[in-house]
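Let me begin by presenting the structure, written as structure tokens, before commenting on it.
Note that this is a predicted model, so its numbers are computed, not measured. Both backbone and side-chain heavy atoms feed into the values below; hydrogens, waters and symmetry mates do not.
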Amino acid sequence: SIRILLPPLLKIAPRRALLPFFLLFTLAGSLLLIRSDSLSGFIVGLALIGFGLSPIFPLVLGMVGDRYTSASGTAFSICMVMALSGATTLPWLAGILGDLYGLRLSLSIVPLSLLLQGLLYFLAIRRLLRLTSQDGSRIE
């Protein structure tokens, strides 16, 4: 798993730089999965999705734990609620879209949600960088 490679990667790049990298892998895999017409394309797409998603949760929890050390339990709980909300809502929505419009359209939820996650991430990082420059603290 890529999670085994995460500690050496964190020695050469900060978490905030690695997260978009893995989001892009996941996005590439999801687009390949939607566009492919062959079994090998599906397999490569699924492998890229797994490679991209695997380190995202540990990276996010690491950033949240570093930023909110005094309230890490609360911050982790909020992360868990957000993750579980998406994990229950998006498959349900994909099933509804799949019934109405077919599998390919229902799979478009994955790249759309990844783009939304990327946008939210960049807005949050930009705000955190602005706040940390004002109070002198550091984000990883």
Side-chain angles (χ1 to χ4, degrees):
S1 167
I2 187 64
R3 286 187 185 183
I4 293 171
L5 299 176
L6 207 48
L9 286 174
L10 287 170
K11 290 182 181 180
I12 59 174
R15 287 185 190 109
R16 69 176 187 272
L18 288 175
L19 193 81
F21 174 75
F22 288 113
L23 280 175
L24 286 174
F25 263 97
T26 308
L27 181 63
S30 67
L31 292 174
L32 182 61
L33 190 65
I34 291 170
R35 303 289 299 164
S36 182
D37 289 328
S38 69
L39 180 60
S40 60
F42 293 143
I43 291 170
V44 171
L46 286 172
L48 285 174
I49 290 171
F51 177 81
L53 286 179
S54 162
I56 288 178
F57 207 63
L59 286 171
V60 169
L61 288 179
M63 288 190 290
V64 167
D66 287 348
R67 178 69 183 165
Y68 302 103
T69 53
S70 63
S72 61
T74 301
F76 287 170
S77 296
I78 291 170
C79 286
M80 294 292 189
V81 166
M82 291 170 63
L84 291 173
S85 297
T88 55
T89 305
L90 293 178
W92 172 77
L93 185 58
I96 290 174
L97 288 175
D99 281 345
L100 294 174
Y101 303 106
L103 183 60
R104 285 197 194 266
L105 183 66
S106 71
L107 288 177
S108 66
I109 288 175
V110 176
L112 291 174
S113 64
L114 288 167
L115 291 171
L116 181 60
Q117 288 173 18
L119 174 68
L120 290 173
Y121 176 74
F122 283 114
L123 291 174
I125 286 296
R126 195 171 78 172
R127 180 167 161 73
L128 281 174
L129 287 173
R130 204 173 332 125
L131 289 174
T132 56
S133 68
Q134 292 172 359
D135 70 10
S137 62
R138 206 175 125 213
I139 65 167
E140 277 293 315

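Between atom CZ of residue F51 and atom OG1 of residue T26 there is a gap of 9.0 Å, rounded to the nearest 0.5 Å. Taking CG from L103 and CG from L97, the interatomic distance works out to 11.0 Å, rounded to the nearest 0.5 Å. To the nearest 0.5 Å, the span separating CG on L5 from CG on L10 amounts to 11.0 Å. Note that the CG atom of L31 and the OG atom of S108 stand 10.0 Å from one another [nearest 0.5 Å]. From L59, atom CG reaches atom CG of L6 across 5.0 Å, with rounding to the nearest 0.5 Å.
Both F57 and V64 are part of a single hydrophobic cluster, where members link through side-chain heavy atoms under 4.5 Å apart. Transitive grouping of hydrophobic side chains (ILVMFWY, heavy atoms separated by less than 4.5 Å) keeps L100 and L107 in distinct clusters. Following chains of ILVMFWY side-chain contacts shorter than 4.5 Å, one cannot reach L18 starting from L119, and the two form parts of different hydrophobic clusters. M80 and V60 fall within the same hydrophobic cluster, where Ile, Leu, Val, Met, Phe, Trp and Tyr residues are linked whenever their side-chain heavy atoms come under 4.5 Å apart, directly or through other members. By the rule that hydrophobic residues join a cluster once side-chain heavy atoms approach within less than 4.5 Å of another member, F21 and V110 end up as members of one cluster.
Residues Y68 and I78 are not in side-chain contact: their nearest non-hydrogen atoms beyond the backbone lie 4.5 Å or more apart. Between S85 and V81, the closest side-chain pair of non-hydrogen atoms falls below 4.5 Å. Counting heavy atoms from C-beta outward, L48 and L33 have side chains that stay 4.5 Å or more apart.
Heavy atoms only, all atoms of each residue included: R3 and P58 are closest at NE-CG, 3.8 Å. Contact between M63 and Y121 at its shortest, heavy atoms only, is CE-CE1, 3.8 Å. Between S106 and A94, the closest heavy-atom pair is CB-O, 3.1 Å. Taking both residues in full, the closest heavy atoms of L27 and P111 are given as CD1-CB, 3.5 Å, listed atom of the first, atom of the second, then distance. The two residues I56 and F22 make their nearest non-hydrogen contact at CG1-CB, 4.1 Å. Listed here is the closest heavy atom pair of S30 and L114: OG-CD1, 4.0 Å.
Counting heavy atoms of neighbouring residues, nucleotides and ligands inside a 6.0 Å radius, atom OH of Y101 does not exceed 12 of them. Annotation: R35, atom CZ; neighbour count of heavy atoms from other residues, nucleotides and ligands within 6.0 Å does not exceed 12.
For the side chain to side chain contact (heavy atoms under 4.5 Å, CB included) with Q117, the lone residue among L23, L112, L19 that qualifies is L23.
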